[in-house]
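Note that ligands are numbered from 1 as they come in the structure, with each ligand's atoms numbered from 1 the same way. Here the structure is a predicted model, which is why all the values come from computation and not from measurement.
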Amino acid sequence: MTTPVGETTCRVCRGPLGEFLDLGRQPLSDRFLTEREIPGEFFYRLAVGACASCGMVQLMEEVPRELMFREDYPYHSSGSSVMREHFARTAHGFLESAYAGPDPFVVEIGSNDGVMLGAVRDAGVRHLGFEPSGKVAEVARRRGVRVRTDFFEEPTASEVRAAEGPADVIYAANTICHIPYLESIFRGVDALLAPGGRFVFEDPYWGDIVEKTSFDQIYDEHFYFFTASSVRAAAERFGFELVDVERLSVHGGELRYTIARRGAATPAAAVAETVERERARGLTTPDTLRRFAADVERVRDDLTALLRRLREEGRRVVAYGATAKSATVTNFCGLDSGLVEWVCDTTPQKQGLLTPGAHLPVVPPERFSTSYPDYALLFAWNHAEEIMAKEQEFRDAGGRWILYVPDVRVV
Ligand code: JHZ
Ligand code: SAH
Ligand code: ZN
């Protein structure tokens, strides 16, 4: 099954969209499946364009949200110790912030397994998570977090405002870039946010994706690839103002955007500085986009050449981390079980199933440690430090990691 029609106009401002990269026919990145489900597997065309009017980088085709964020959505945010610390720090930052009132109310969009709101709850602070994916929402509830199993959008946000009053903080990590209907999000924020409150969100930064050729950040769930310039324009369009930006090192490089109601706060110098740096770098100029597309093809060619050579030499190659990102790599580069034996992953819900499209078996991490391969292709490269430290014995035993961000190399 394939969805035929794509967008030709910007999802935010209706300006003209210029396509600059086609990553081909792709499956749902987080839909791990059994052998029997292969014939019914869903595919769509994964291509990216940039808006000539507002600069927003976005997918050319939208995948229906119900296909992605389902009852059995498998991604659990708490799977990395670095991320657990990042979100605990984030929660404490909100609770100590100037805009949190005496009885603060913290709302999270895409609260997943409660990795951030768990810390808010432990501090005894009022909170609510919006999380449409049933099983991860249930994990959060089991740790005492209040969750509404729903998509955040204008109507659901208005209901919460009427029942529970205004929110001091509305936060979202790795979620706003997943939501094509940005206008409904901003209308929901308008309904729910206190007059002096803040809407804070963080997502992979287009500046990092270009710099590192991390094209695997492009997949069904990542609809938008934000810059400070495009987020500032979107915020203004919907009656808000971008008042701060902060660089984050998680997930391969992100920006955290702080948004206030228009006129409610003085923008920090970092906003104008970041916008100016983006302009100077030409982050969305036709030249940059063409170069990016060429870099993506080079990485694909280098990676497939390396894996073919290792196969000819009779080396054992496996992959580490059944990430959503890796669906783009395996399917765009044509990696099959002839080149990569299997993928190990700590998520019980992914184990025993096949990866989307490429159909590599997902095995538990014990498979890795009981018989080390010659090479491990690090699909979870954004967690490299954490994983390499944990797997030091693999290196000590002579094993080598294969990385493809920012370019293909063996370490
Ligand atoms: P990780 C998902 O992307 C999907 P993915 C989503 N669209 C998004 O934006 C980000 O998350 C936030 C495993 N693992 O974080 C766990 C190990 O096996 O790179 C995960 O399956 N051992 C919402 O999937 C995967 O790797 C380990 O030691 O690209 C990591 O997925 C560690 C640390 C992880 O996100
Ligand atoms: N914040 C977590 C989870 C990111 S995964 C982290 O950074 O790790 C993205 C989550 O957003 C998924 O759990 C998905 O179910 C949820 N989601 C998708 N659309 C949403 C919407 N409109 N409102 C609330 N959550 C949404
Ligand atoms: Zn636009």
**Side chain, backbone, both or neither: Val115 near ligand 2, heavy atoms under 4.0 Å** =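 For Val115, no heavy atom sits under 4.0 Å from ligand 2.
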
**Asked** If you measure from each non-hydrogen atom of Tyr171 to ligand 2, which part falls under 4.0 Å: side chain, backbone, both or neither?
**Response**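 None of Tyr171 does.
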
**Message:** Using a 6.0 Å cut-off, check whether atom CD of Gln392 has over 12 heavy atoms from anything other than its own residue.
**Reply:**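 Yes.
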
**Request:** Answer yes or no: does atom CD of Glu66 have more than 12 heavy-atom neighbours from other residues, nucleotides or ligands under 6.0 Å?
**Result:**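 Yes.
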
Taking both backbone and side-chain atoms of [X], is any N or O found less than 3.5 Å from an N or O belonging to ligand 1?
X      : answer
Glu386 : no
His178 : yes
Thr346 : yes
Ala324 : yes
Asp30  : no

**Message:** I'd like to know if Phe69 contacts ligand 1, where contact means a heavy-atom distance under 4.0 Å to any ligand atom.
**Reply:**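 Outside the 4.0 Å threshold, so no.
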
**Prompt:** Judged by non-hydrogen atoms, does Trp381 sit under 4.0 Å from ligand 1?
**Reply:**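 Trp381: no contact with ligand 1 (<4.0 Å).
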
Atoms in ligand 1 with a heavy atom of [X] nearer than 4.0 Å:
X      : answer
Lys390 : 22 (N), 27 (C), 28 (O)
Asn382 : 1 (P), 15 (O), 19 (O)
Asn174 : 9 (O), 12 (C)
Gly79  : 32 (C), 33 (C)
His251 : 12 (C), 15 (O)
Tyr73  : 4 (C), 6 (C), 23 (C)
Gly321 : 26 (O)
His222 : 7 (N), 8 (C), 9 (O)

**Request:** Please determine if Gly110 has a nitrogen or oxygen closer than 3.5 Å to a nitrogen or oxygen of ligand 2.
**Result:**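 Between Gly110 and ligand 2 (N or O atoms, distance only) the closest approach is under 3.5 Å.
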
**Test of proximity, Asp150 against ligand 2: N or O pairs below 3.5 Å** =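 Checking ligand 2 against Asp150, no N or O pair falls under 3.5 Å apart.
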
[atom]: nearest protein contact (heavy atom, Å):
atom                    : value
atom 7 (O) of ligand 2  : Asn174 ND2, 2.8 Å
atom 20 (C) of ligand 2 : Phe151 CD2, 3.8 Å
atom 26 (C) of ligand 2 : Pro132 CD, 3.4 Å

**Asked** How long is the gap from OG1 on Thr156 to CZ on Phe151, to the nearest 0.5 Å?
**Response**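 Answer rounded to 0.5 Å: 10.0 Å.
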
**Request:** First locate atom NZ of Lys325, then atom CH2 of Trp381, and finally report the distance between them rounded to the nearest 0.5 Å.
**Result:**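 One gets 6.5 Å once the value is rounded to the nearest 0.5 Å.
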
For ligand 1, which part of [X] has a heavy atom less than 4.0 Å away: the side chain, the backbone, both, or neither?
X      : value
Thr347 : side chain
Thr323 : both
Tyr219 : side chain

Are the aromatic ring centres of [X] and [Y] under 6.0 angstrom apart?
X      : Y      : answer
Phe226 : Phe201 : yes
Trp401 : Tyr320 : yes
Phe186 : Phe240 : yes

**Request:** Answer yes or no: is there a donor N or O on one side and an acceptor on the other, between the side chain of Ser80 and the main chain of Val82, under 3.5 Å?
**Result:**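 At least one qualifying donor-acceptor pair exists.
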
**Prompt:** Can you find a non-hydrogen atom of Glu131 under 4.0 Å from ligand 2?
**Reply:**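 Distance cut 4.0 Å: Glu131 passes for ligand 2.
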
**Asked** How wide is the angle at the Zn ion (ligand 3) between SG of Cys51 and SG of Cys13, to the nearest 10°?
**Response**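 Between SG of Cys51 and SG of Cys13, the angle at the Zn ion (ligand 3) is about 100°.
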
**Request:** With atom 18 (C) of ligand 2 as the reference point, say which of Tyr181, Phe69, Tyr73, Tyr75 has the nearest heavy atom.
**Result:**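 Going through Tyr181, Phe69, Tyr73, Tyr75 one by one, Phe69 has the nearest heavy atom to atom 18 (C) of ligand 2.
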
**Prompt:** So which of Ser77, Gly188, Pro180, Gly114 gets nearest to atom 8 (O) of ligand 2, if we judge by its closest heavy atom?
**Reply:**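 Closest candidate by heavy-atom distance is Ser77.
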
Check ligand 2 against [X] and write out every atom of the ligand that is under 4.0 Å from a heavy-atom position of the residue.
X      : answer
Phe152 : 21 (C), 22 (N), 23 (N), 24 (C)
Phe87  : 6 (C), 7 (O)
Ala173 : 1 (N), 2 (C), 4 (C), 6 (C), 7 (O)
Ile109 : 23 (N), 24 (C)

